[in-house]
Engineer: 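Dropping the structure in here first, questions after.
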Amino acid sequence: MFRLLLLGACASLSLAKTVVYHFDIDWVSAAPDGFVRPVIGINGEWPIPTIEVDLGDTVVVHAKNSLCNQTTSLHFHGMAQKGANAYDGAVGVAQCPISPGESFTYNFTASPAGTHWYHSHDKGQYPDGLRGKMIVHDWEWEDSLEIDEQIYLSVSDWYHSEQPVLIEQYLSPENREGRIPPPDSILFNDARDGPTLYFEPRKRYLIRLVSTSALVCTHFHIDGHNFTVVAVDGVQTHPELAHTILICSGQSYDMIVTGKEDATTSFQWIAKMSTDMMTHSGPSEDLLSVIGRAGYDLDDVDDTSDSSSPNVSPQWSPTAFLNDMTLKPLDDTPLLTPVDQEIRLSTNQTYYEGIGTRIGLGYSPWTEPKVPSFYTALSTGDAASDAATYGPGVDPWVLRSNNIVQIYMENPQQWPHPMHLHGHYFQVVARGIGVWDRNEDSLPEIPMMRDTVVIPPWGFFVLRFRADNPGVWFFHCHMDLHLMGGMASTFIEAPQTLQEQQTIPPGGADLCARNGRCSFGNCACQSGNISAKAAEDECNTIFNSPVPNGAMISWDGSL
């Protein structure tokens with residue numbers, strides 16, 4: 001049986017508290033699809049724990065790296081990290097990596113509420129298992145939904161090969177077309193056996209579903225039932241009816257399902273990977289899907305019968321699915337206008353002779369810098385407002401405080417990409433095939449909002465957000481090998497204000513020192529200004545980094 005009891009209305013009276021986790025990150029052995037392999041667990045277990053807190057709680061995570069052969073970090077995907085940029089977890093952006101045997105403590109406020117997740121943000125590592133659910137409760141909102149129970153679910157692709165091997169293959173000069181190895185199977189709640197979702201007539205269930213995939217999107221459907229979507233990526237929305245949803249890497253959906261009043265049998269549900277993002281043929285239909293039951297607690301239910309769902313099989317394909325552009329935020333945030341600053345990006349996959357295929361967004365494919373960009377913003381004074389200070393290898397964009405920023409991105413590729421922004425929700429004001437016609441009159445009065453959105457093949461999108469969270473924030477593709485290939489940009493938001501509000505934490509500087517890295521200065525690890533020409537020559541780029549994007553040490557087979 002798989003169900004989670006709702007704590008009840010009195011939980012909304014609880015006060016903000018401090019919630020402390022002690023995470024020892026280490027290798028364990030697991031076989032979620034029958035293939036035994038090492039995975040990255042926490043405290044000797046995998047799947048890793050679910051973080052569950054209330055809105056406004058202080059979250060303290062003591063992370064120890066016991067991996068012995070890899071560095072690591074933790075990113076709390078969806079957390080705004082206001083005033084706590086140092087604990088955003090993206091290596092090279094917000095911190096230096098945690099070396100084997102070392103520890104780092106993350107300390108931040110749980111906000112916004114919603115269905116989120118946490119994962120490694122170091123060198124393509126999280127697909128090896130270091131990713132788990134994170135639930136931030138807003139009890140007032142949850143009570144307003146009049147739900148009876150909550151169910152926490154995750155979906156992900158899964159590889160038999162460890163990431164260092166796949167990264168080496170992907171970044172290799174022999175991979176001239178930038179092809180990505182396909183996953184070996186799909187997992188649902190980190191297993192191949194689909195859990196039974198037990199429903200009772202007329203009861204309302206809040207299903208919280210998050211995708212922790214490294215590559216593919218997944219269709220999710222419960223036969224004979226509709227979803228009422230009430231939140232997306234933690235953004236509470238006006239209710240929207242859906243029969244099937246498509247969820248991609250980094251995204252989450254909160255959906256209400258009501259138990260059928262006259263149920264006389266069980267139904268089936270299916271999660272099936274889309275192949276749109278695969279550059280090679282994928283696994284068999286059986287391994288593309290996980291099928292489970294939506295069971296009813298009735299005496300006359302034959303729990304072993306699948307006859308009520310003849311259309312749910314590995315060959316199932318959706319007839320339609322929710323268009324997320326129809327979702328409207330519950331607070332009716334109007335279209336942000338006028339635009340003060342535009343960032344123009346494009347999917348730019350290029351083969352560099354002797355280096356390999358890289359896939360940038362702006363001037364240069366992202367490459368891990370010598371100094372975390374957040375530390376550079378804090379330690380370079382007035383020079384922090386000059387993009388050259390950060391180096392071309394991080395594709396820096398300096399944003400002015402409280403400006404309305406527009407990201408216009410084109411994707412001249414046959415593959416879609418899930419694009420994620422740290423530190424902000426954004427409005428998706430336009431999306432389509434071809435190029436944007438820049439017709440402002442056609443934009444919605446109340447656009448959809450989320451923090452991870454898919455740009456279509458041969459298409460574009462237009463995003464807007466207000467620069468009201470001083471910090472250094474990553475904008476990147478959540479297909480993890482594409483991030484390793486450089487598909488990212490760095491937004492340096494209100495650096496002068498940032499210097500007044502935040503500092504480099506001593507523990508963060510210590511991590512850099514123990515890694516033999518700098519925690520102070522411009523991209524060349526020097527004080528003061530640096531010219532654009534000098535930054536090109538002296539700072540990390542794909543052309544001059546000792547190891548492009550920083551390869552991990554390969555696992556030697558021992559545990």
Side-chain angles (χ1 to χ4, degrees), residues 23 25 40 61 63-65 67 69-77 79 81 84-106 108 117-131 163-164 167 171 214 250 365-378 390-391 393-396 420-423 471-478 480-492 504-505 507-520 523 525 539-542 545-553:
F23 287 166
I25 301 166
I40 300 176
V61 179
K64 179 183 178 183
N65 181 4
L67 291 173
N69 63 344
Q70 293 184 17
T71 60
T72 194
S73 78
L74 291 178
H75 167 61
F76 305 90
H77 183 115
M79 294 296 94
Q81 300 293 6
N85 195 168
Y87 307 114
D88 189 52
V91 168
V93 182
Q95 69 169 86
C96 286
I98 308 172
S99 294
E102 302 292 346
S103 299
F104 185 65
T105 296
Y106 298 88
F108 59 94
W117 60 305
Y118 69 104
H119 59 85
S120 170
H121 217 305
D122 187 19
K123 303 180 182 69
Q125 186 179 69
Y126 83 76
D128 277 339
L130 189 50
R131 72 285 190 284
Q163 288 303 297
I167 291 168
L171 296 180
W366 187 87
T367 302
E368 186 179 323
K370 296 177 182 179
V371 185
S373 298
F374 171 63
Y375 294 178
T376 293
L378 287 174
Y390 304 89
V394 303
D395 192 39
H420 172 56
L421 176 60
H422 292 213
V472 178
W473 307 114
F474 222 9
F475 181 66
H476 64 91
C477 178
H478 226 294
D480 227 29
L481 286 178
H482 278 176
L483 176 53
M484 286 300 300
M487 196 169 177
S489 296
T490 307
F491 298 166
I492 299 96
I504 299 171
D510 289 346
L511 281 184
C512 295
R514 290 193 290 267
N515 272 277
R517 302 190 185 195
C518 298
S519 61
F520 181 94
C523 61
C525 195
C539 302
N540 285 357
T541 69
I542 61 166
S545 295
V547 180
N549 291 300
M552 292 189 288
I553 303 170

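Computed from a predicted structure; not experimentally measured. Atoms considered below: every heavy atom in the structure, side chains included; atoms not considered: hydrogens, waters and symmetry mates.
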Engineer: Please give me the minimum heavy-atom distance between P365 and G485, naming the atom from each residue.
Structural biologist: CB-O, 4.0 Å

Engineer: Checking the side chain of D395 only, and the main-chain atoms of S489 only, is there a donor and an acceptor separated by less than 3.5 Å?
Structural biologist: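 Such a contact is absent between D395 side chain and S489 backbone.
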
Engineer: Might you work through the side chain to side chain contact (heavy atoms under 4.5 Å, CB included) test for V93 and W366, ending with a clear yes or no?
Structural biologist: CA-CA 11 Å; V93 182; W366 187 87; 4.1 Å; yes

Engineer: Considering residues at least two apart in sequence or located in another chain, which fulfil the side chain to side chain contact (heavy atoms under 4.5 Å, CB included) criterion with A94?
Structural biologist: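 N85, D88.
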
Engineer: Spell out, as yes or no, whether a donor-acceptor pair under 3.5 Å connects the side chain of D122 to the backbone of V91.
Structural biologist: no

Engineer: Can you sort out the partners of C518 under side chain to side chain contact (heavy atoms under 4.5 Å, CB included), two or more places apart, ordered by chain and number?
Structural biologist: V371, C525

Engineer: List the residues meeting side chain to side chain contact (heavy atoms under 4.5 Å, CB included) with C477, not counting sequence neighbours, and say none if there are none.
Structural biologist: H417, P418, M419, M479, H482, M487

Engineer: Going by heavy atoms in the side chains, are Y87 and F76 under 4.5 Å from each other?
Structural biologist: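 They are not in side-chain contact.
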
Engineer: Is there a side-chain contact between I40 and Q125 in this structure, where contact means two heavy atoms from C-beta onward sitting under 4.5 Å apart?
Structural biologist: yes

Engineer: Using the test side chain to side chain donor-acceptor pair (under 3.5 Å), find all partners of S373 that sit at least two apart in sequence or belong to another chain.
Structural biologist: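 Checked S373 against side chain to side chain donor-acceptor pair (under 3.5 Å); zero matches.
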
Engineer: Kindly indicate whether the side chain of F108, heavy atoms from C-beta on, has any atom under 4.5 Å from the side chain of M79.
Structural biologist: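 Counting from C-beta outward, F108 and M79 do come under 4.5 Å.
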
Engineer: Set out, in order, the CA-CA distance, both residues' side-chain angles and the distance that settles side chain to side chain contact (heavy atoms under 4.5 Å, CB included) for T72 and L67, then state yes or no.
Structural biologist: CA-CA 8 Å; T72 194; L67 291 173; 4.2 Å; yes

Engineer: How far does CD1 of I504 sit from CG of D510, to the nearest 0.5 angstrom?
Structural biologist: 11.5 Å

Engineer: Stepwise, does the ring pair (Phe, Tyr, Trp, His ring centres under 6.0 Å) test hold for Y118 with Y126?
Structural biologist: CA-CA 9 Å; Y118 69 104; Y126 83 76; over 10 Å; no

Engineer: Determine the minimum heavy-atom distance between M484 and G124, stating which atoms define it.
Structural biologist: SD-N, 3.5 Å

Engineer: For N515, check side chain to side chain donor-acceptor pair (under 3.5 Å) against everything at least two apart and list the hits.
Structural biologist: S99

Engineer: Which salt bridge (Lys or Arg N to Asp or Glu O under 4.0 Å) pairs, counting each pair once, include a residue from residues 480-490, with sequence neighbours left out?
Structural biologist: none

Engineer: Check ring pair (Phe, Tyr, Trp, His ring centres under 6.0 Å) between F374 and all other residues, then give those that pass, not counting sequence neighbours.
Structural biologist: none

Engineer: Which atom names give the shortest non-hydrogen contact between Y375 and C512, and what distance separates them?
Structural biologist: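 It is CE1-SG, 3.6 Å.
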
Engineer: Examine distances only and state if a side-chain atom of N540 and a backbone atom of E368 form a donor-acceptor pair shorter than 3.5 Å.
Structural biologist: yes

Engineer: For a 4.5 angstrom cut-off between non-hydrogen side-chain atoms, does K123 reach P164?
Structural biologist: no

Engineer: List the steps and the verdict of side chain to side chain contact (heavy atoms under 4.5 Å, CB included) for F474 and L483.
Structural biologist: CA-CA 11 Å; F474 222 9; L483 176 53; 3.9 Å; yes

Engineer: For the pair E102 and K64, find out whether any cationic side-chain nitrogen is under 4.0 Å from an anionic carboxylate oxygen.
Structural biologist: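 No, no charged N to carboxylate O under 4.0 Å.
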
Engineer: According to side chain to side chain donor-acceptor pair (under 3.5 Å), who are the partners of N65, at least two apart in sequence or on a separate chain?
Structural biologist: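 With neighbours one apart ignored, the set is empty.
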
Engineer: Are Y390 and I492 packed together at the side-chain level, in the sense that at least one heavy-atom pair is separated by less than 4.5 angstrom?
Structural biologist: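 Yes, side chains in contact.
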
Engineer: Can you list the residues that meet the ring pair (Phe, Tyr, Trp, His ring centres under 6.0 Å) rule with F475, with sequence neighbours excluded?
Structural biologist: F491

Engineer: For S73, check side chain to side chain donor-acceptor pair (under 3.5 Å) against everything at least two apart and list the hits.
Structural biologist: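 Scan of S73 (side chain to side chain donor-acceptor pair (under 3.5 Å), adjacent residues dropped) gives none.
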
Engineer: Partners of A63 by side chain to side chain contact (heavy atoms under 4.5 Å, CB included), sequence neighbours excluded?
Structural biologist: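 A63: side chain to side chain contact (heavy atoms under 4.5 Å, CB included) contacts with I25, L74, I98, Y106.
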
Engineer: Less than 4.5 Å apart, side chain to side chain, heavy atoms only: is that true for T367 and V394?
Structural biologist: no

Engineer: Determine whether S519 and P372 make a side-chain contact, defined as any pair of heavy atoms from C-beta on separated by less than 4.5 Å.
Structural biologist: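 No; the side chains remain at least 4.5 Å from each other.
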
Engineer: Going by the rule ring pair (Phe, Tyr, Trp, His ring centres under 6.0 Å), which residues pair with H77 if we only count those two or more places apart in sequence or in a different chain?
Structural biologist: H75, W117, H119, H420, H478

Engineer: Identify the heavy atoms of A90 and H422 that sit nearest to each other, and give their distance.
Structural biologist: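 So the minimum-distance heavy-atom pair works out to CB-CE1, 4.1 Å.
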
Engineer: Working to the nearest 0.5 Å, report the span between CD of Q70 and CD of Q163.
Structural biologist: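 Atom-to-atom, Q70:CD and Q163:CD are 9.5 Å apart.
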
